Amino acid sequence: MEIYLVGGAVRDKLLGLPVTEQDWVVLGETPDSLLKQGFRPVGKDFPVFLHPQTQEEYALARTERKTTHGYKGFSVYSAPDVTLEEDLIRRDLTINAMAMAPDGRVIDPYHGQRDLQQRIFRHVSPAFAEDPVRILRVARFAARYGAMGFTLAEETLGLMQAMVGAGEVDYLVSERVWAELAKALNEKTPAAFFTTLKACGALAKIFPELDNLFGVPQPAQYHPEIDTGIHSLMCLEQAALLSASPEVRFAALVHDLGKALSPKDNLPHHYGHETSGLPLLEAMCGRLRIPNSFKALAQHVMQYHTHCHKAADLRPSTLTDTLAALGAFKPSNTLESFLLACEADARGRTGFENRPYPQAGLFRAAAKAAVSIDISAIVNGKLQGAKIGEAIRQLRILAVTDAINTYKSL
């Protein structure tokens, strides 16, 4: 059996990066021959098997032919006569189209090593245009490797633009979009995912709510970068520096969606954008089937981020009610995630990147004071129904008032 390590494992080995998953291609075999050797089939659309000991994926060498639109519109041919070069040419980028023999020899028919050295994302063949998921993958690779200096080859960008113009991205299904977005949010420079999609025109098709923010002005006094789309990506960059949480990063990215709806007569001001964007967020999360944990935090950040920015100026009752709406008085809550996303928003402005964010400390102090009050006398007293809740609220307001005064005196 002729076996080669392929794909991302070879790429990352050559870059000197850790390899967490290994994929293998097998030449000269059939499904029956692998089954007899104890391999377990797992591929629904392709001849992929799990190794009986390592559980790593082994795929029979194959070729693909486009039959219809979408990423599933392929007919697959797999047989012992398929060569390694034929298997590699169906891959997306040259840096992913290399193989490594058991002795460490690199098989590189499409110059992937050259492009690794030059830090270039380049498509292997015109067949790249047959699969719209490849646009998302290239964008995700930009999020992963952009910090290493990788750029997109002009001819590959042109091909991606042509794919968008031909409507190929219209056939992307929500599950694949979310799968790539989720991976991108976990990368080192997730904003590069969106700048790549913007460059090829796919952002307007896949994430129109974000694309609509570009060109929307904000007051220069508070936003020297002016453009709301640029600000949103700067917030994502800051969130990536502040937190490894993809939920925090997503919330920071989408918190200003409502600014796209601001009446032109009001620009560059955006009155009420905190609530006007909520239906946009709801639609986006529903269309892409974004998990509830992401949606819930993003809703909180969108609706209450300006409250957080103005924490020192809020009335104690307003701050108490805001903390209650955020679920901050519950044993399990996402207050810290909320504060990180708000800090990313505050820092995601030209010249504000290193500014301190004391508002988060005030929110924490107020929440801590409010949850430390003894409510047993109220709960066990004679009050009933809504009166119990209001009595507890009043106690919390008093505690928050003390916390605000103490914090301001420091």
Side-chain angles (χ1 to χ4, degrees), residues 1-27 29 34 37-43 46-62 83-124 128 131 133-153 156 176 179-190 192-193 196 240 244-246 249:
M1 184 163 55
E2 195 173 351
I3 300 173
Y4 296 90
L5 183 67
V6 292
V10 178
R11 175 197 67 226
D12 288 348
K13 278 179 179 288
L14 294 176
L15 286 172
L17 299 175
V19 175
T20 56
E21 293 184 4
Q22 296 190 128
D23 294 321
W24 307 84
V25 68
V26 181
L27 273 62
E29 299 289 336
L34 288 184
Q37 297 177 64
F39 285 81
R40 180 165 58 89
V42 292
F46 310 119
V48 181
F49 301 80
L50 293 183
H51 191 280
Q53 277 78 48
T54 67
Q55 301 302 304
E56 292 178 334
E57 288 192 355
Y58 284 65
L60 292 177
R62 65 183 188 268
T83 67
L84 180 60
E85 287 73 16
E86 288 174 326
D87 181 90
L88 293 176
I89 200 172
R90 66 176 176 79
R91 299 172 187 270
D92 50 10
L93 301 175
T94 59
I95 62 172
N96 297 328
M98 296 179 285
M100 183 175 289
D103 61 3
R105 178 173 51 93
V106 176
I107 296 87
D108 181 20
Y110 307 109
H111 311 295
Q113 291 182 93
R114 177 199 62 193
D115 286 341
L116 273 185
Q117 293 169 355
Q118 296 180 0
R119 300 294 195 259
I120 292 176
F121 299 129
R122 193 191 315 275
H123 62 283
V124 179
F128 178 98
D131 186 355
V133 173
R134 288 175 170 174
I135 290 178
L136 292 170
R137 280 174 54 82
V138 170
R140 197 230 313 158
F141 287 137
R144 178 179 293 181
Y145 299 108
M148 298 178 66
F150 275 84
T151 59
L152 187 57
T156 303
R176 290 309 301 265
E180 295 299 327
L181 172 57
K183 292 176 183 177
L185 288 172
N186 281 289
E187 299 295 357
K188 190 172 184 179
T189 55
F193 178 80
T196 302
S245 164
R249 297 176 178 194

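Just so you know, these numbers use all the heavy atoms, side chains as well, and skip hydrogens, waters and symmetry mates. This one's a predicted model, so the numbers in the text were calculated from it and none came from an experiment.
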Are any non-hydrogen side-chain atoms of [X] and [Y] less than 4.5 angstrom apart?
X      : Y      : answer
Leu88  : Met98  : no
Leu27  : Thr83  : no
Met100 : Ile107 : no
Glu187 : Phe141 : no
Thr94  : His111 : no
Gln37  : Glu29  : yes
Arg140 : Leu136 : no
Tyr4   : Val26  : no

So which pairs with a foot in residues 107-119 pass salt bridge (Lys or Arg N to Asp or Glu O under 4.0 Å), sequence neighbours left out?
->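 For residues 107-119: Asp115-Arg122.
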
Report the distance from atom [atom1] of [X] to atom [atom2] of [Y], rounding to the nearest 0.5 Å.
X      : Y      : atom1 : atom2 : value
Ile120 : Thr151 : CD1   : OG1   : 5.5 Å
Leu34  : Leu60  : CG    : CG    : 5.0 Å
Leu185 : Glu180 : CG    : CD    : 11.5 Å
Ile95  : Gln118 : CD1   : CD    : 12.5 Å

Chi angles and distances behind the side chain to side chain contact (heavy atoms under 4.5 Å, CB included) call for His51, Gln22 | CA-CA 11 Å; His51 191 280; Gln22 296 190 128; over 6 Å; no

Side chain to side chain contact (heavy atoms under 4.5 Å, CB included) evaluation trace for Leu93 with Phe128 = CA-CA 8 Å; Leu93 301 175; Phe128 178 98; 4.2 Å; yes

Is it true that atom CD of Gln55 has more than 12 heavy atoms of other residues, nucleotides or ligands lying nearer than 6.0 Å?
->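 Counting other residues, nucleotides and ligands, CD of Gln55 exceeds 12 neighbours.
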
Looking only at heavy atoms, what is the nearest atom pair of [X] and [Y], with distance?
X      : Y      : answer
Val48  : Ala59  : CG2-CB, 4.1 Å
Ala143 : Pro190 : CB-CA, 3.9 Å
Ala244 : Arg249 : CA-NH2, 3.7 Å
Ala142 : Thr196 : CB-OG1, 3.4 Å
Asp87  : Ala61  : OD1-CA, 3.4 Å

Could you walk me through whether Ile3 and Val25 pass the side chain to side chain contact (heavy atoms under 4.5 Å, CB included) test, one step at a time?
-> CA-CA 6 Å; Ile3 300 173; Val25 68; over 6 Å; no

Does a donor on one side chain and an acceptor on the other come within less than 3.5 Å for Asn96 and Arg11?
->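 Yes, a side-chain donor-acceptor pair sits under 3.5 Å.
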
Would you say [X]'s side chain and [Y]'s backbone share a donor-acceptor pair under 3.5 angstrom?
X      : Y      : answer
Asp23  : Val6   : no
Thr189 : Ala192 : no
Asn186 : Ala182 : yes

Test side chain to side chain contact (heavy atoms under 4.5 Å, CB included) applied to Leu50 and Glu56, step by step = CA-CA 5 Å; Leu50 293 183; Glu56 292 178 334; over 6 Å; no

Please name the residue in the list Ile89, Thr156, Asp92 that meets the side chain to side chain contact (heavy atoms under 4.5 Å, CB included) test with Val124.
->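 The passing option is Ile89.
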
Mind checking what makes ring-ring contact (aromatic ring centres under 6.0 Å, His included) contact with Phe150, not counting sequence neighbours?
->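 Once residues adjacent in sequence are excluded, the partners of Phe150 under the ring-ring contact (aromatic ring centres under 6.0 Å, His included) criterion are Phe121, Tyr145.
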
Classify the ring geometry between Tyr58 and Trp24 as parallel (under 30°), tilted (30 to 60°) or perpendicular (over 60°).
->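 Parallel: the ring planes of Tyr58 and Trp24 meet at under 30°.
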
